[in-house]
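Please read the structure below before turning to the comments.
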Amino acid sequence: MSPGAPSIVPACHFIRAHIASTICPVNDDSEKCIVGEIPRRRPHVAAEVELVERRRKFIVHLKIIRDLPGPRALPLVGCVYQFKLNAEEFTYQMEIWTRRYVYTPKISGMGLIWLGPFPIVLLGLSDTVRPLLESSANIRKPTLYDKVQEWIGNGLLTSTGEKWFNRRKMLTSTFHFNVLQGYQETFSKQAEIFVEILEKKVGEPFDVFPYIKRCALDIICETAMGTQVNAQFGQNEQYVAAVARITQIIWEFQRFPHLWIKPIWYLSGKGFEFNRLVQATNDFTRKVIADRKATLQELHEDEAHENSTTNKKKAFLDLLLSMQQENQLSDEDIREEVDTFMFEGHDTTSSAMGFAIWFLGQYPDYQAKVHEELDRVFGNSNRSPTPEDLKQLVYLEKCIKESLRMMPAVPMIARVLDEDMEIESNGTKVLLPQGLTVVIAPFSAQRDFRSYERVESFYPEHFDPENIAKRNAFSFIPFSAGPRNCIGQKFAIQEEKTILSWVFRRFTVETVHPFPINRPNPEITLKPKRELGFTIIIKKR
Ligand code: HEM
């Protein structure tokens with residue numbers, strides 16, 4: 001047993017709560033219950049027998065996972081008493097713990113953290129993350145995502161079981177190659193506006209992050225909802241600010257279990273603020289959907305027919321509305337999918353682009369290679385990049401991927417196990433019991449010294465084809481992998497390449513606060529230090 005693991009007896013509250021959660025039907029969202037809640041369905045005798053068996057099994061398995069390396073934990077509070085309150089110090093702490101427990105002494109790839117009375121197993125190396133990401137049985141998101149779900153609803157990101165499977169099948173077609181090609185015009189138009197705005201900032205240090213966010217928001221609103229919100233021109237600022245604040249609050253909620261207690265959540269003021277912001281963002285999307293529906297209804301029948309036979313230049317929302325009847329989607333179903341794409345589609349890409357610019361601003365040699373490549377493809381022309389041009393931007397893509405390796409925009413992928421799962425760690429098979437929450441840290445899996453020559457440095461050559469061929473595919477998972485991978489990854493790479501190609505065609509970038517002065521801050525998506533942002537100085541080329 002690890003020295004700090006809480007004894008079985010004080011953990012009985014957790015076990016009871018765990019059992020309550022494990023007797024829930026696993027593939028049925030409507031019946032989902034939160035850990036600690038009494039399940040809504042009254043279990044009959046067979047279920048009670050099963051319950052006793054699960055209780056026995058879980059206790060046996062708990063003894064096994066308690067041997068995993070991890071920081072010292074106390075009964076009930078777990079490791080939380082050690083958590084640093086300051087977000088930046090907390091990220092340092094997580095990094096140290098990962099190195100200490102996941103990488104050394106035996107490169108186990110697994111660690112155990114007690115979040116209050118709840119054990120969370122951390123998987124941090126390609127060998128250990130692979131079985132979970134490849135599993136089609138263990139795709140359920142844990143209660144850690146509950147606040148995300150309260151916000152964006154039970155859409156593709158948060159749903160599970162049959163609902164998730166049907167939605168995933170339905171939505172995959174909305175990311176078809178032709179649809180993405182249709183978005184290229186929007187990517188480029190917004191990128192051009194973005195660099196025009198940056199022109200006014202030449203020579204003075206400024207934080208580019210808010211500008212990138214507005215650009216990414218305009219792109220997602222136009223591609224996902226067919227609506228121009230003109231955030232780059234200073235409109236709809238409240239939505240951007242609300243999303244930023246919601247993600248901060250959710251991050252605090254996930255980190256501090258005392259906030260899980262409702263009276264504390266509300267007394268802290270965070271509960272009320274969260275509800276107000278969620279209401280505001282949901283109302284924003286509902287209104288956009290209603291307006292779009294009305295516009296589409298006004299369209300002439302011929303035009304509507306033409307739109308239904310070609311996916312070109314069709315917003316994601318239009319595609320959803322065209323599938324509404326066939327797939328029996330309510331307006332609220334559509335709202336939750338649109339909210340999911342609005343959030344996933346701009347918060348992630350803006351961080352990813354920000355970090356890529358920030359890295360290139362620290363490494364003039366790599367930036368020079370990007371400039372050379374852009375000059376080769378575009379010469380002196382000021383034209384918009386075509387999909388053909390983007391294919392030729394091979395070095396830029398390496399830089400984007402290397403930036404995602406060092407700073408994965410989604411720093412945590414979590415599952416609650418619906419089935420027991422065996423994972424081999426350092427030659428020993430560890431059985432992770434059903435009901436356990438497991439967290440994958442791309443940050444750690446992507447810093448595996450067995451896969452990368454210069455683990456701690458930004459080195460785009462890590463993505464040379466011969467280097468990619470040498471390593472395990474699961475040591476690069478910024479978009480996750482397996483059946484629940486990111487549906488928007490091609491969208492994201494196309495958007496990033498378009499915007500960054502515009503930026504580096506026009507400017508040379510210098511980063512003002514390089515690493516480690518600026519450090520990543522995981523607020524659901526990875527962000528820069530709040531007070532520094534991505535401060536850069538740009539010069540016209
Ligand atoms: C650099 C940009 C992006 C990164 C790093 C990223 C990363 C990820 C990751 C790691 C997941 C898995 C999350 C989990 O299992 O908990 C995910 C899922 C998802 N992403 Fe992305 N994403 C990006 C951009 C996008 C874009 C642009 C869209 C939409 C336009 C999008 C839509 C989604 C959706 C809907 C899911 C849920 C998929 C499912 O569960 O079936 N993402 N993303």
Side-chain angles (χ1 to χ4, degrees), residues 123 129 132-136 138-142 144-145 148-149 152-161 163-172 174-175 179-180 183 186-187 212 216-217 219-225 250 254 315-317 319-320 336-356 397 400-416 437-443 445-446 474 476-500 520 522 524-527:
L123 304 180
V129 303
L132 181 59
L133 291 180
E134 281 185 334
S135 165
S136 47
N138 287 314
I139 56 162
R140 187 147 63 103
K141 303 289 169 85
L144 281 174
Y145 287 68
V148 178
Q149 193 172 349
I152 58 176
N154 200 14
L156 192 62
L157 181 70
T158 48
S159 59
T160 193
K163 177 172 179 180
W164 170 79
F165 182 78
N166 291 335
R167 289 282 172 95
R168 178 84 193 199
K169 210 165 127 199
M170 178 184 86
L171 294 171
T172 298
T174 63
F175 283 88
V179 180
L180 293 184
Y183 294 157
T186 303
F187 292 159
I212 304 177
L217 183 67
I219 287 176
I220 201 67
C221 285
E222 204 172 320
T223 52
M225 309 206 286
I250 295 180
Q254 289 179 337
F316 169 73
L317 173 58
L319 295 168
L320 272 185
E336 61 192 18
E337 291 307 346
V338 171
D339 264 334
T340 299
F341 283 86
M342 286 278 292
F343 162 60
E344 273 287 319
H346 96 280
D347 206 50
T348 48
T349 49
S350 48
S351 285
M353 288 188 280
F355 276 113
E397 187 164 327
I400 290 171
K401 288 186 172 160
E402 177 64 350
S403 174
L404 280 169
R405 179 186 77 82
M406 294 284 289
M407 301 291 169
V410 176
M412 178 185 95
I413 301 167
R415 301 276 186 272
V416 60
T437 295
V438 183
V439 167
I440 288 176
F443 208 85
Q446 299 180 167
F474 287 79
F476 182 63
I477 48 166
F479 296 105
S480 186
R484 249 202 128 156
N485 69 350
C486 173
I487 199 170
Q489 59 181 293
K490 288 203 176 108
F491 179 113
I493 295 285
Q494 188 178 335
E495 176 183 338
E496 275 206 61
K497 280 174 99 173
T498 306
I499 292 177
L500 297 185
I524 315 192
T525 45
L526 213 58
K527 310 260 164 59

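Note that ligands are numbered from 1 as they come in the structure, with each ligand's atoms numbered from 1 the same way. Just so you know, residue 1 is the first one in the sequence shown, and it goes up from there.
At least one heavy atom of Arg415 sits closer than 4.0 Å to an atom of ligand 1. The closest approach between Lys141 and ligand 1 falls below 4.0 Å for a heavy atom of the residue. Using a 4.0 angstrom heavy-atom cutoff, Ile477 does not count as in contact with ligand 1. In this structure, Phe316 has no heavy atom closer than 4.0 Å to ligand 1.
In the vicinity of Ile413, heavy-atom distances shorter than 4.0 Å reach the ligand 1 atoms 10 (C), 14 (C), 15 (O), 16 (O). Each of the atoms 14 (C), 16 (O) of ligand 1 lies under 4.0 Å from some heavy atom of Tyr145. For ligand 1 and Val410, the ligand atoms under 4.0 Å from any heavy atom of the residue are 6 (C), 7 (C), 8 (C), 10 (C).
Contact record, Ala414 with Lys141: O-CD, 3.6 Å, taken as the closest heavy-atom pair. When all heavy atoms are compared, the tightest approach of Tyr183 to Thr174 is OH-O, 4.4 Å.
To the nearest 0.5 Å, atoms CG (Leu144) and CD (Gln149) are separated by 12.5 Å. Rounding to the nearest 0.5 Å gives a distance of 6.5 Å between CG of Leu180 and CZ of Phe187. Ser350 OG to Leu217 CG: the interatomic distance, rounded to the nearest 0.5 Å, is 9.0 Å. We find the CD1-CZ distance between Ile487 and Arg167 to be 12.0 Å, quoted to the nearest 0.5 Å.
Looking at Ser480 against ligand 1, both its backbone and its side chain come within 4.0 Å, counting heavy atoms. Proximity of Arg168 to ligand 1, defined as any heavy-atom pair under 4.0 Å, is confined to the side chain (atoms from C-beta onward). Residue Asn485 touches ligand 1 through its backbone alone, judged by heavy-atom distances below 4.0 Å.
Scanning the protein for heavy atoms near atom 40 (O) of ligand 1, the closest one is Arg484 NE, 2.8 Å. At the top of the distance list for atom 23 (C) of ligand 1, counting protein heavy atoms only, stands Thr348 OG1, 3.4 Å. Ranking the protein heavy atoms by distance from atom 42 (N) of ligand 1 puts Cys486 SG, 3.1 Å first. Of the protein's heavy atoms, Phe341 CD2, 3.5 Å lies nearest to atom 29 (C) of ligand 1. Distance from atom 33 (C) of ligand 1 to its nearest protein heavy atom, with residue and atom name: Glu344 OE1, 3.6 Å. In terms of protein heavy-atom proximity, atom 5 (C) of ligand 1 is nearest to Pro478 O, 3.5 Å. Nearest non-hydrogen protein atom to atom 36 (C) of ligand 1 is Leu157 CD1, 3.9 Å. Looking only at heavy atoms of the protein, atom 1 (C) of ligand 1 is closest to Ala352 CB, 3.6 Å.
Remark: the backbone N or O of Gly153 is paired with a side-chain donor or acceptor of Thr158 at under 3.5 angstrom.
Contact of the Trp164 side chain with the Pro483 side chain is registered, since non-hydrogen atoms from C-beta on lie closer than 4.5 Å. Inter-residue side-chain proximity for Arg415 and Arg140 is flagged as unmet; no heavy-atom pair is nearer than 4.5 Å. For the pair Val410 and Pro442, the minimum side-chain heavy-atom distance is 4.5 Å or more.
The only member of Asn485, Ile477, Asn138 that meets side-chain contact (heavy atoms from CB on, under 4.5 Å) when paired with Leu133 is Ile477.
When ring centroids are compared, Phe341 and Phe175 come within the 6.0 Å threshold.
Looking at Trp164 next to ligand 1, an N or O pair under 3.5 Å apart turns up.
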